[in-house]
Chemist: 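To start, I am sharing the structure in question, which I have written as structure tokens.
For the numbers below, each heavy atom of this structure counts, side chains included, while hydrogens, waters and symmetry mates do not. Please read these numbers as outputs of a predicted model, since none were measured by experiment.
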Amino acid sequence: MRWLARKERPILINELEIQIWERDFTLPVKYDCYQGEEVTPEQIKALDRFKKRRKMIEKSKAKVEAYCREKVLEDDENEKKDNVFSYVKPEYLFVKREEDPRVIMMCKYRYDLEHGLAVVFSSNGSIVVGSQDMIL
């Protein structure tokens, strides 16, 4: 992220080019704001921290695979069980409006098309995987 010299305001990012689990993606970025509210500097900083933490993003793959393991093993039609992208597809990033904002990777999930999958990245390095309902 670049900072403007005079005002030192962070630049709002609406789309992020990022590598997730060894694949390149261009993901839209959505911010948790009510209509008429502005994105907070903390939300922008959280996204900046997230994009710099490549190891944490790679680490999330094992957590996603563990969360999905039972459904994947039960699926006789999925011939690419060892390929996480055969059942999970990152769709967009969502930045919560909190004192210490979390960045959530919202994904399409083959085994729960209605609720999808959320991978939640906290600033302390913790990663939680679950239904998008836990965030929205």
Side-chain angles (χ1 to χ4, degrees):
M1 177 187 323
R2 291 178 271 150
W3 293 80
L4 300 176
R6 280 183 261 157
K7 297 181 183 178
E8 293 196 20
R9 267 183 73 181
I11 297 172
L12 183 67
I13 297 172
N14 292 313
E15 191 174 78
L16 185 63
E17 290 182 18
I18 189 166
Q19 190 172 80
I20 300 168
W21 312 327
E22 300 179 10
R23 279 201 188 167
D24 293 328
F25 287 88
T26 301
L27 296 178
V29 179
K30 299 179 182 182
Y31 297 90
D32 182 20
C33 294
Y34 291 111
Q35 189 171 349
E37 282 186 324
E38 290 187 22
V39 174
T40 66
E42 290 79 15
Q43 285 174 292
I44 296 171
K45 289 176 190 173
L47 185 62
D48 187 50
R49 279 192 311 268
F50 169 77
K51 69 181 187 178
K52 292 177 181 175
R53 298 179 89 179
R54 293 182 183 175
K55 287 182 182 179
M56 185 172 71
I57 295 167
E58 286 305 312
K59 181 180 171 185
S60 71
K61 180 180 179 187
K63 295 208 177 243
V64 168
E65 290 172 331
Y67 178 86
C68 301
R69 183 168 289 120
E70 186 178 324
K71 294 282 187 191
V72 171
L73 292 175
E74 290 173 357
D75 183 2
D76 293 333
E77 293 180 19
N78 186 353
E79 296 176 8
K80 299 180 182 181
K81 293 181 188 309
D82 61 338
N83 180 354
V84 69
F85 296 109
S86 72
Y87 50 91
V88 175
K89 181 184 178 225
E91 255 188 318
Y92 66 95
L93 299 173
F94 184 69
V95 186
K96 288 291 287 181
R97 185 180 192 92
E98 304 167 317
E99 188 174 313
D100 189 12
R102 295 170 290 164
V103 176
I104 299 94
M105 183 171 53
M106 302 298 235
C107 304
K108 287 185 178 180
Y109 181 39
R110 178 178 181 156
Y111 304 111
D112 190 350
L113 297 174
E114 182 178 342
H115 301 106
L117 186 79
V119 184
V120 182
F121 299 91
S122 297
S123 64
N124 66 5
S126 72
I127 302 166
V128 176
V129 178
S131 169
Q132 290 179 7
D133 287 351
M134 71 178 173
I135 293 300
L136 299 176

Chemist: Measure across P90 and C107 and return the closest heavy-atom pair with its distance rounded to 0.1 Å.
Modeler: CA-SG, 3.8 Å

Chemist: State the CE-CG distance between M56 and N124, to the nearest 0.5 angstrom.
Modeler: 9.0 Å

Chemist: Side chain to side chain contact (heavy atoms under 4.5 Å, CB included), that's the test. Do K81 and D75 meet it? Break it down for me.
Modeler: CA-CA 9 Å; K81 293 181 188 309; D75 183 2; 4.3 Å; yes

Chemist: Could you check whether atom NZ of K30 has more than 12 heavy atoms from other residues, nucleotides or ligands sitting under 6.0 Å from it?
Modeler: no

Chemist: Does L12 form a side chain to side chain contact (heavy atoms under 4.5 Å, CB included) with N14? I'd like the steps, not just the answer.
Modeler: CA-CA 6 Å; L12 183 67; N14 292 313; 4.0 Å; yes

Chemist: Can you tell me how far apart CD (E65) and CG (D82) are? Round to the nearest 0.5 Å.
Modeler: 9.0 Å

Chemist: Any sub-3.5 Å donor-acceptor pair from Q43's side-chain atoms to V95's backbone N or O?
Modeler: yes

Chemist: When rounded to the nearest 0.5 angstrom, what is the spacing between NZ in K108 and CD in E91?
Modeler: 5.0 Å

Chemist: Could you tell me which non-hydrogen atom of M134 sits nearest to which non-hydrogen atom of V129, and how far apart they are?
Modeler: CE-C, 3.8 Å

Chemist: If you measure from CZ on R110 to OG on S86, what distance do you get to the nearest 0.5 Å?
Modeler: 6.0 Å

Chemist: Got a sec: does the CD of E37 have more than 12 other heavy atoms crowding it under 6.0 Å?
Modeler: yes

Chemist: Please step through side chain to side chain contact (heavy atoms under 4.5 Å, CB included) for the pair S131 and Y109, ending with a clear verdict.
Modeler: CA-CA 9 Å; S131 169; Y109 181 39; over 6 Å; no

Chemist: Rounded to the nearest 0.5 Å, how far apart are CG of L93 and CZ of F25?
Modeler: 11.0 Å

Chemist: Check the angle between the aromatic planes of Y87 and Y111 and answer parallel, tilted or perpendicular using the 30° and 60° thresholds.
Modeler: tilted

Chemist: Is the count of non-hydrogen atoms from other residues, nucleotides or ligands lying under 6.0 Å from E74 atom CD greater than 12?
Modeler: yes

Chemist: Okay, side chain of Q19, backbone of D24: is any donor-acceptor separation there less than 3.5 Å?
Modeler: no

Chemist: Supply the atom-to-atom distance R102 CZ to K96 NZ, rounded to the nearest 0.5 angstrom.
Modeler: 6.0 Å

Chemist: Is the side chain of D32 donor-acceptor paired with the backbone N or O of R97 at a distance under 3.5 Å, no angle test?
Modeler: yes

Chemist: Within 45° of the six-membered ring axis of F121 and under 6.0 Å from that ring's centre, is NZ or CZ of R53 located there?
Modeler: no

Chemist: Are D112 and K71 close enough for a salt bridge, meaning some N to O gap below 4.0 Å?
Modeler: no

Chemist: Specify the closest pair of heavy atoms between E58 and I20, including all atoms of both residues, with the distance to one decimal.
Modeler: OE2-C, 4.0 Å

Chemist: Kindly give the heavy-atom pair with the smallest separation between M105 and W21, and that separation in Å.
Modeler: CE-CZ2, 3.7 Å

Chemist: Testing the basics here: between L117 and Q132, what is the closest heavy-atom pair and its distance to 0.1 Å?
Modeler: O-NE2, 3.4 Å

Chemist: Tell me, with the steps shown, if I13 and Y31 meet side chain to side chain contact (heavy atoms under 4.5 Å, CB included).
Modeler: CA-CA 10 Å; I13 297 172; Y31 297 90; 4.0 Å; yes

